[in-house]
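Notes follow once the structure below has been shown.
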Amino acid sequence: MSRFDEEDAFEAAVAPAGGSLTQRAMAARPMPYLDGLNPAQREAVETLDGPVLMLAGAGTGKTKALTCRIAHLLNTGRARPNEILAVTFTNKAAREMKERVGSLMGTSVAGMPWLGTFHSVCVKQLRRHAELVGLKSNFTILDTDDVLRLFKQIMKAEGIDDKRHPPRVLMGRIDAWKNQALSPAKVIGREEDELWSDRLYSQDEMGTEHQAYEFKRRNPESGAIGRRIVTLKELYRQYQDRLRALNACDFGDLLLHMVTIFQKHPDLLEQYQRWYKYILVDEYQDTNVAQYLWLRLLGAAHKNVCCVGDDDQSIYGWRGAEVGNILRFEKDFPGAKVVRLEQNYRSTPHILAAASGVIAGNTNRLGKDLWTAEPEGELVRLIGHWDYEDEARWIGEEIEAMASGSRAKLRQFSLEDMAILVRASHQMRAFEDRFLKIGLAYRVIGGPKFYERLECRDAIAYFRVVIQPEDDLAFERIINTPKRGVGPKALLDIQTMARANGVSLKEGARLAIQEGLLKGKAKGAVAELVTQLDTWSSLAEQQIRYPGIEDDEAVVESVDYVPAEISHVELAERILDESGYTAMWQNDKTPEAPGRLENLKELVKGLDEHDNLNGFLENVALSVDNDSNEFDPKVTIMTLHGAKGLEFPVVFLPGWEEGLFPSQRSMDESGLSGLEEERRLAYVGITRAEELCTISFASNRPVFGQWQSQLPSRFIDEMPHEHVDVMTPQAVGSGFGTSRAGAASFDDRVSDADVYNSPGWKRLQNRQNRAPSAKPITLDMQAAPVFTVGERVFHVKFGYGEVMQSDGANLTVEFDHAGSKTLKAQYVKPAAQADDAPF
DNA sequence: GGACCTCAAGTTTTT
DNA sequence: CTTGAGGTCC
């Protein structure tokens, strides 16, 4: 701080009278926010010209720096609010930033910067220029569910076997292309993207574009000449065509379309470039290629791009994030100023050291040395358990003890202060079960989303058709929900009619009725539905307004529109009631029905927060609102991914076992880079903790229903030992003992030198050898005894029991006290031998 | 249109 | 093992 006071004084002394623009502005306005910054932060805030890369380690106050930078831009008169573009990845981050800028600036500045997620900013842009990519301004944003259904339709039409080629996987590849800003035309076809079609194609259909396969006449009469290979690229093109026809786009399109537009219309791009004088980006390490291109295009003129990120916290590689973007920043933006924020204000030195030790195992880092002025605090605690239930039980007890303040050496914590961060969501169940049992209040974050529930999706589909009558996907969803006697036959007729006339399904339905294609019950039902939809649509139209880029206060005021007859909330209620959707659940006798009605009520109530149905739909599409504003203190259970950006005084990190964390799948699919991403995840996990971090693992865990021995995660041994408190050497010892015995046979996946030759593994063995108190458990691996049904057996954890079923290797045992379990025969021994067991 | 059966898969998921 | 999706059979 003092150093900078001096520099200020120096600057003031040498500055010519009148000074720079900055200094004059500084003189004009007090800037108290600068005082709270450390030197690095201050540099990042005050370097306003040219590109800046802020490498901000975990807990180094990057949000503070970002918000102060915005305040500084405004305060120094460098930019008016709407000349600043600030993008984040999550709504939550955007909201937080808005709030903080707001409180920094007070009411002194009119208007806010363009501040939002990549997607929300792109939507705004795209609504203005939709026609340039063949969409209308009121296009629908499809969620993954719709996308998949749409894609399946296309696959089916092309006769692609969805068993051999799972739609999810193919769609995943297309999505990856979009993330790389590759439109269908830009995709370079590869052999593995060639798919078999089971359909027979006519001469015409084969066309010249497609490679004919099996060019033999099978069915001369129909003119079909053979099967063909359909490339994924072709499916991608068709998918995009369908989206355009539906006046819809998916998440990836928001970015892709804008990049396309900017690339094709330099004049327009220039307009935006002039507009956004200063650009700020949060979590830059998570940007994908499309986002990167969008940023680079927008920032090319002024080059005042400030990116904030931490390469060590890049954990979304599997979703297309390119760590390369941040690693390459200085090349992309020549002359960039790189500022490292290395002072951590969050965690104790032990926690920081443990995290640094782990992340040091990664290559290809920009490298930062985090340090802190915090007092030393507790060591990172490590504890091994026999199995995952023990782990959950122990953590539950620890939480209770800490919440009551009875944990020796530790202060009392609120449940709010504590979080359990897991690698995979299925790990959560053990904790939920246990906490339910002992009555510990918890909150799961990241569970099934409210808007993704069946009833919400149905209701939303109604709204969508009302707002956007061309939304065929939504129309298909609701046409027979509730049941109107409109089956596949009637739907097919409508589809045929729609396609023949090149109109939407809703219009197709109208035509089908006029032409007498529909009969009886279906006819009446569809006619009524279409009439109702028309009525609702006209009611809704009175409420529609699309915000554009020029949406300054003044413009908004000047927009006049007819006052709506009824509010959108009332309209929503009417839609759900008149359509019979509410009645459908009221008449439903299943136990879920009341809950679903409750959710519908909730949904309608939530509408109140939006200006109209449109705004609501936009929000549904772009937000995953997981924030619950429950007030009771609760322990948080969430995934490591979900925890990024959060911090807790007390953090538990369970399940640090090879195969689970690092995840076997990550390593199988992405090799070393997969492992490194897992390691970054470990780093993120540890650095969430402010005061106390407890890592644990279980020696036994059921994997797909089979009990398996687990090895402790390699990350455990990457933590410098002097910062780790190994809590129960006995448990660790016995755990490793079985692991080791079991390891020889249990797992061919990791039988490679990899694990057993790693320094970590060797150290673990040494440590175990040095602890004579830990008697190694030897299970007889060579002669796994054969058990007969009805035989009494003994298991180390479950105790005595009776074999109910056996196929030699696997047993189902009814234990006297532990219930029925299925496990490998090698883990139990005849009850008679139990006394020989060394424990 | 619903009940039942078989089969395959089985992480993470800011928008 | 458990779940979900798809197919088949009444």
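Order of the sequence lines fixes the chain letters, A, B, ..., with proteins taken first and strands second; residue numbering starts at 1 for each chain. Since the structure is predicted, the reported quantities are computational estimates derived from the model, not experimental observations.
Between the P atom of B:dT15 and the CG atom of A:Asp253 lies a distance of 18 Å, rounded to the nearest Å. Following rounding to the nearest Å, A:His426 (NE2) and B:dT13 (C1') show an atom-to-atom distance of 15 Å. At whole-Å resolution of the value, CG in A:Asp282 and P in B:dT15 are 13 Å apart. Atom pair A:Arg149:CZ and C:dG4:P shows a separation of 18 Å (rounding to whole Å applied). As a whole-Å value, the separation of A:Ile315 CD1 from B:dT11 C1' is 12 Å. Look at CD on A:Glu678: it is 8 Å from C1' on B:dT12, rounded to the nearest Å. Atom CG in A:Asp175 sits roughly 15 Å away from atom P in B:dT15 (whole-Å rounding). The distance from atom CZ of A:Arg429 to atom P of C:dT3 is 8 Å, rounded to the nearest whole Å.
A:Thr88 comes within contact range of no nucleotide atom at all, as no heavy-atom separation falls under 4.0 Å. Using a 4.0 Å heavy-atom cutoff across all strands shown, A:Tyr316 reaches at least one base atom of the nucleic acid. Within 4.0 Å (heavy atoms only), A:Glu669 reaches at least one base atom of the nucleic acid. Counting non-hydrogen atoms under 4.0 angstrom, A:Lys644 reaches nothing in the nucleic acid. Here A:Asp143 lies out of heavy-atom contact (under 4.0 Å) with every strand.
Between the side-chain ring of A:Trp318 and the base of B:dT12, a stacking contact exists by the 5.5 Å and 30° definition.
For A:Asn91 and B:dT14, the shortest distance from a side-chain N or O to OP1 or OP2 is not below 4.0 Å. Phosphate proximity of C:dG6 to A:Lys152: present, with a side-chain N or O under 4.0 Å from OP1 or OP2. Contact check, A:Thr639 against B:dT13: a side-chain N or O comes under 4.0 Å of OP1 or OP2.
The aromatic rings of A:His119 and A:Phe251 stand perpendicular to each other, their planes meeting at an angle above 60°, with 30° marking the opposite boundary.
For the P atom pair drawn from C:dG4 and B:dT11, the interatomic distance equals 12 Å after rounding to whole Å. One P atom belongs to C:dA5, the other to B:dT12, and the distance between them is 16 Å to the nearest Å.
Two residues, A:Arg484 and A:Leu681, neighbour DNA chain B, and the one matched to the more 5' nucleotide by heavy-atom proximity is A:Arg484. DNA chain B is contacted by both A:Gly487 and A:Phe89; A:Gly487 maps to the nucleotide lying nearer its 5′ end (nearest heavy atom per residue).
For the 3.5 Å distance criterion, the side chains of A:Gln285 and A:Glu283 qualify, holding a donor opposite an acceptor. A side-chain donor-acceptor contact under 3.5 Å links A:Asp668 and A:Gln664. With 3.5 Å as the limit, one finds a donor-acceptor pair spanning the side chains of A:Asp253 and A:Gln240.
Of the candidates B:dG1, B:dT15, B:dT12, the closest approach to any side-chain atom of A:Asn480 belongs to B:dG1. Considering only side-chain atoms of A:Phe704, the nucleotide from B:dT13, B:dT15, B:dG10 that sits closest is B:dG10. For A:Asp286, the listed nucleotide lying nearest its side chain is B:dT14; candidates were B:dT11, B:dT15, B:dT14. Of the candidate nucleotides B:dT13, B:dG1, B:dT12, B:dT13 has the atom nearest to the side chain of A:Arg319.
For A:Arg688, the salt bridge (Lys or Arg N to Asp or Glu O under 4.0 Å) test picks out no residue, with sequence neighbours left out.
A ring-centre distance under 6.0 Å is not found for A:Tyr442 and A:Phe431.
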